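Keep in mind that the numbers below use all heavy atoms, side chains included, and drop hydrogens, waters and symmetry copies. Just so we're on the same page: letters track the sequence lines, and every chain starts at 1. Given the structure is predicted, the values throughout are model-derived calculations rather than measurements.
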Amino acid sequence: MATSDPTVKTTAAVDETGVETDTILQTRGLRKQFGGLTATDDVDFGIDEGELRCLIGPNGAGKSTFLKLLTGRLEPTAGSIYYDGDEIGHLPSHERVSRGISMKFQVPSIYPDLSVRENLRIPLQRIADPDTFEQRTRETLERFHLEGTADETAANLSHGQQQRLEIAMAMTLEPTLMLLDEPVAGLSVEETAEVADLLRTINAEDDVAFVVIEHDIDFVETIADQVTVLHDGAIFREGSIEDVRNDPAVKRIYLGEEE
Amino acid sequence: MSSDSSASLAARLRAPFEGPNTIGNSNGFWASFGVAVLLLAIYPVLFGPYAAATSSVFLVYALLGVSLCFIWGFCGILSFGQVAFFGVAGYTFGIVAINLSSYTGVTLGIVAGIAVATLFAALLGYFMFYGGVRDVYVTIITLVVALVLHTFLGQTAGSEWAVGEAALGGFNGMVGIPDLGVGVGDVGITLDGAMHYYAALAALIATYLGLRVLVNSQFGYAMVATREDEARTEMFGYNTTFIKFVTFTIGGALAGLSGVLFVTWGNYIDPSEFAITAAAMPVIWASIGGRESIFGTIAAAIAIQWLELQLTGEWALVIVGSLLIIVMLAIPKGIAPGIRDLIVALQTRRQEPASDSPAPTEEVSD
């Protein structure tokens, strides 16, 4: 099913020659079982460098489990994850981050009790020289429309500002792949549009690949062309947003009773 | 101008010791720190060597408090067993120094005491943190370790429980532990009486300043980030398990240093140092003084131990316990952070009507 759509590249980045494609991330037969429950079922999922892909599916489709397998919060029962040609399925989270995978959690998990400046310092000190902290902090705040908040306690920022701060922190690590878990959950219409704008800009300017987990299909439409639909832990469809949206089977499982 | 350049020199000298991770970064703070050090330094002159020799133990306990404040306040690891490393170092010093009764023995005893405590903390920390033990379970395991040592050493009364000439002594304790000193063979100096006081004071000040540098360094930020949100911090590429392991081991080394200073002060140690009341004291000092403030913990440890000595007996613990409950209810973060918040609140109130200039980060006493 997963590989039937010719528009989606699922061929191996893992080819022994290592030159086959520009695929940045590829899972092979990735499986996670909790007792008798198969939360992730033999998933072959690939994404190219600089691509923006949304991963959608109804509640309980296994989106979160799949994401946790990618970040290293969970160990796979079987299968492998290739990133940039290396198998990373058993590396601890922090080593995956060091290789260029960044992550934005669903709930804005900034450090609420620290100031915005200190929040930014946590990722910044991993990659930059202390002399440049001040300047880079200023640049980051400008880019993410957070000017003037440097000395605020992060908890005092608005929800939208916190989302942007978290994306800013994740982007500070200069990742090549960014995993976002429902980045617009709980945001207002304006804030959602702002985040969509921001993601498109980063994706275009920084050449970062994005995997965005989302169930708001209208939001998905505003940011991505290609989507992957998960259902019961397995890939159900892959293709352009129009095709997927008009697929009756997807409507049945994803949109439920609508139509 | 010369006053300008001396001010910038002072700022440059202070810089490594300052940052948002420590309370007290203002001129006023460093001035009162200087006064406190001066008072502690002339205390033996004012009150005589006997008073100094007696008071030395307060500084030793302060150092034990700091060992907990560092790991709990800055990395979120609440160890209830700092006394385990304290006691193990004490017994180790006793065994080495009693058997090699010379300056060499005492010097080696200091090294061995701290080394064994550090190794013990590293081993325990390794199995806990790499084994995925977290939060309250760390607290329980560390307490259990202290209590197991209490029981174990309590049953070492028999003559078979001796290492060379050093008898462990069961609940009667290990007696005849030599004074603090450094040297080789018969050549060296003995640090007893007021000299022990100065040795403990020097160790405390050095530890205080060293830890201030550490918690404001990149590692310190990583510690604080781990304390605030471990999962998040790991997703910034930090090996939080390793950070906790290193922090816990440093805490064990500091507790070991205080243990060596303790047994050389009283020339004696018994298993009550591992008992639950002893194990609770560092937690009480850090809670009352403020676990995120090394200075606050030091002040609280000295004040509470002094108070306990004045009160003596059953009532001492009741009063200290009541004090803990009152402080926890009134200022949950402890006294020092409470004072900091008060100063910040007063300063912002004073500044607000004047101008809305951004808060000067350099001199605010946060």
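For the pair A:Arg126/A:Glu174, no side-chain contact is recorded, criterion being any heavy-atom separation below 4.5 Å from C-beta on. The shortest side-chain heavy-atom distance between B:Ile140 and B:Leu143 does not fall under the 4.5 Å cut-off.
For chain B, the nearby part of A:Arg73 is the side chain; its heavy atoms alone come within less than 4.5 Å. Contacts between A:Leu173 and chain B at a heavy-atom distance below 4.5 Å involve the side chain alone, from C-beta outward. With a 4.5 angstrom heavy-atom cutoff, B:Thr241 does not touch chain A via any of its atoms. Only the backbone of B:Ser217 comes within contact range of chain A, with at least one heavy atom under 4.5 Å from a heavy atom of that chain.
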> Can you list the steps and then say if A:Glu134 with A:Arg121 is a salt bridge (charged side-chain N to carboxylate O under 4.0 Å, His left out)?
Replying inline: CA-CA 9 Å; A:Glu134 197 51 46; A:Arg121 182 177 162 150; over 6 Å; no
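Two rings, from B:Phe33 and B:Tyr208, have their centers less than 6.0 Å apart.
Ranked by heavy-atom pairs shorter than 4.5 Å toward chain B, the options A:Glu118, A:Met103, A:Gln125, A:Arg96 are led by A:Gln125. The most heavy-atom pairs under 4.5 Å with chain B, out of A:Thr172, A:Ile122, A:Leu114, come from A:Ile122.
Remark: A:Lys68 is not positioned above the aromatic ring of A:Phe66, lacking an NZ or CZ atom under 6.0 angstrom from the ring centre and at most 45 degrees off the axis.
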